[in-house]
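Below is one structure, written out as structure tokens; the observations come after it.
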Amino acid sequence: MSEDQTHSELSVDGRVFKSVSNDADGDVGGETYFWFEQTDDLIHARYHGGSVRLGHLVGLHLGDTLDFRYTHVTVSGDTATGHSVDRIERLDDGRLRLHEQWEWDSKPGSGSSVLEEVPEQQIPPTEEPL
């Protein structure tokens with residue numbers, strides 16, 4: 001499969017993801033949603049919810065992985081930055097699941113987490129931070 005085919009078949013463009021698991025050192029939780037956009041291999045997302053007031057990520061779609069940097073502000077007013085590499089899995093129902101290995105740049109800590117695509121009927125009504 002060519003990289004162009006992988007980008008279109010595993011594209012995150014227009015998809016919304018929700019955190020379904022995360023290690024204790026992470027700020028993202030079960031109420032955090034991610035709105036992704038993708039053009040060719042370039043990806044970016046806006047995220048918020050739970051302890052994250054507002055976050056952004058930007059990076060590249062490389063085959064069946066995403067490689068990106070993230071930055072966010074928590075509801076308590078802390079800022080944080082880091083790096084993540086995500087392996088993309090296609091679920092039986094066609095949705096995507098992201099298996100993340102992440103590490104902070106701005107503080108000590110690293111871990112793994114899982115984001116899962118949200119079915120259309122369960123997408124929150126707004127992309128705006130609360």
- [ ] Any chance you could lay out the side-chain contact (heavy atoms from CB on, under 4.5 Å) test for Leu96 and Leu91, step after step, and finish with the verdict?
- [x] CA-CA 6 Å; Leu96 299 182; Leu91 301 174; over 6 Å; no
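- For residues 106-118, the pairs satisfying salt bridge (Lys or Arg N to Asp or Glu O under 4.0 Å) are Arg15-Glu117, Asp27-Lys107, Arg95-Glu116, Arg97-Glu116, with sequence neighbours left out.
- Applying the ring pair (Phe, Tyr, Trp, His ring centres under 6.0 Å) test to Trp104 and every residue at least two apart in sequence or in another chain returns Tyr70, His72, Trp102.
- Shown here are the side-chain contact (heavy atoms from CB on, under 4.5 Å) partners of Thr81, two or more places apart in sequence or in another chain: Thr71, Asp105, Ser106.
- For Phe34 and Phe17, the ring centers are positioned 6.0 Å apart or more.
- Checked against salt bridge (charged side-chain N to carboxylate O under 4.0 Å, His left out), Arg87 has no partners two or more places apart in sequence or in another chain.
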Open item on the list: Assess the residue pair Leu60 and Ile43 against the criterion (side-chain contact (heavy atoms from CB on, under 4.5 Å)); give the C-alpha distance rounded to whole Å, side-chain angles, the decisive distance to 0.1 Å, and a yes or no.
Closed with: CA-CA 6 Å; Leu60 296 173; Ile43 58 164; 5.8 Å; no
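- Partners of Ser76 according to the side chain to side chain donor-acceptor pair (under 3.5 Å) rule, which considers only residues two or more places apart in sequence or in another chain, are Thr74, Asp78.
- For Gly29 against Ser19, the heavy-atom pair with the smallest separation is O-CB, 3.1 Å.
- No donor-acceptor pair under 3.5 Å is formed between the side chain of Asp25 and the backbone N or O of Gly109.
- Partners of Gln122 according to the side-chain contact (heavy atoms from CB on, under 4.5 Å) rule, which considers only residues two or more places apart in sequence or in another chain, are Val118, Pro119.
- For the side chain to side chain donor-acceptor pair (under 3.5 Å) test, residues two or more places apart in sequence or in another chain that qualify with Ser113 are Glu100.
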Open item on the list: Would Asp40 and His61 count as a side-chain contact (heavy atoms from CB on, under 4.5 Å) here? Give the steps.
Closed with: CA-CA 8 Å; Asp40 299 321; His61 183 162; over 6 Å; no
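- With hydrophobic clusters built from ILVMFWY side chains whose heavy atoms lie under 4.5 angstrom apart, Val28 does not share a cluster with Val75.
- In terms of heavy atoms, Phe36 sits closest to Leu57 at CE2-CD1, 3.9 Å.
- In the hydrophobic cluster analysis, where Ile, Leu, Val, Met, Phe, Trp and Tyr join through side-chain heavy atoms closer than 4.5 angstrom, Val85 is grouped apart from Leu66.
- Residues forming a side chain to side chain donor-acceptor pair (under 3.5 Å) with Ser84 (at least two apart in sequence, or on another chain): Asp86.
- Residues Trp35 and His48 place their aromatic rings such that the two centres sit under 6.0 Å apart.
- Val20 belongs to a hydrophobic cluster whose remaining members, ordered by chain and number, are Val114; membership requires side-chain heavy atoms of ILVMFWY residues under 4.5 Å apart, directly or through intermediates.
- Counting only residues at least two apart or in different chains, ring-ring contact (aromatic ring centres under 6.0 Å, His included) contacts with residues 77-99 are absent.
- When atom types are taken as modelled, the side chain of Asp13 and the backbone of Gln38 share a donor-acceptor pair closer than 3.5 angstrom.
- Within the model, atoms CD of Gln101 and CG of Asp23 stand 8.0 Å from one another, a figure rounded to the nearest 0.5 Å.
- Atom CD of Glu89 sits in a crowded spot, with more than 12 heavy atoms from other residues, nucleotides or ligands closer than 6.0 Å.
- Partners of Tyr33 by ring pair (Phe, Tyr, Trp, His ring centres under 6.0 Å), not counting sequence neighbours: none found.
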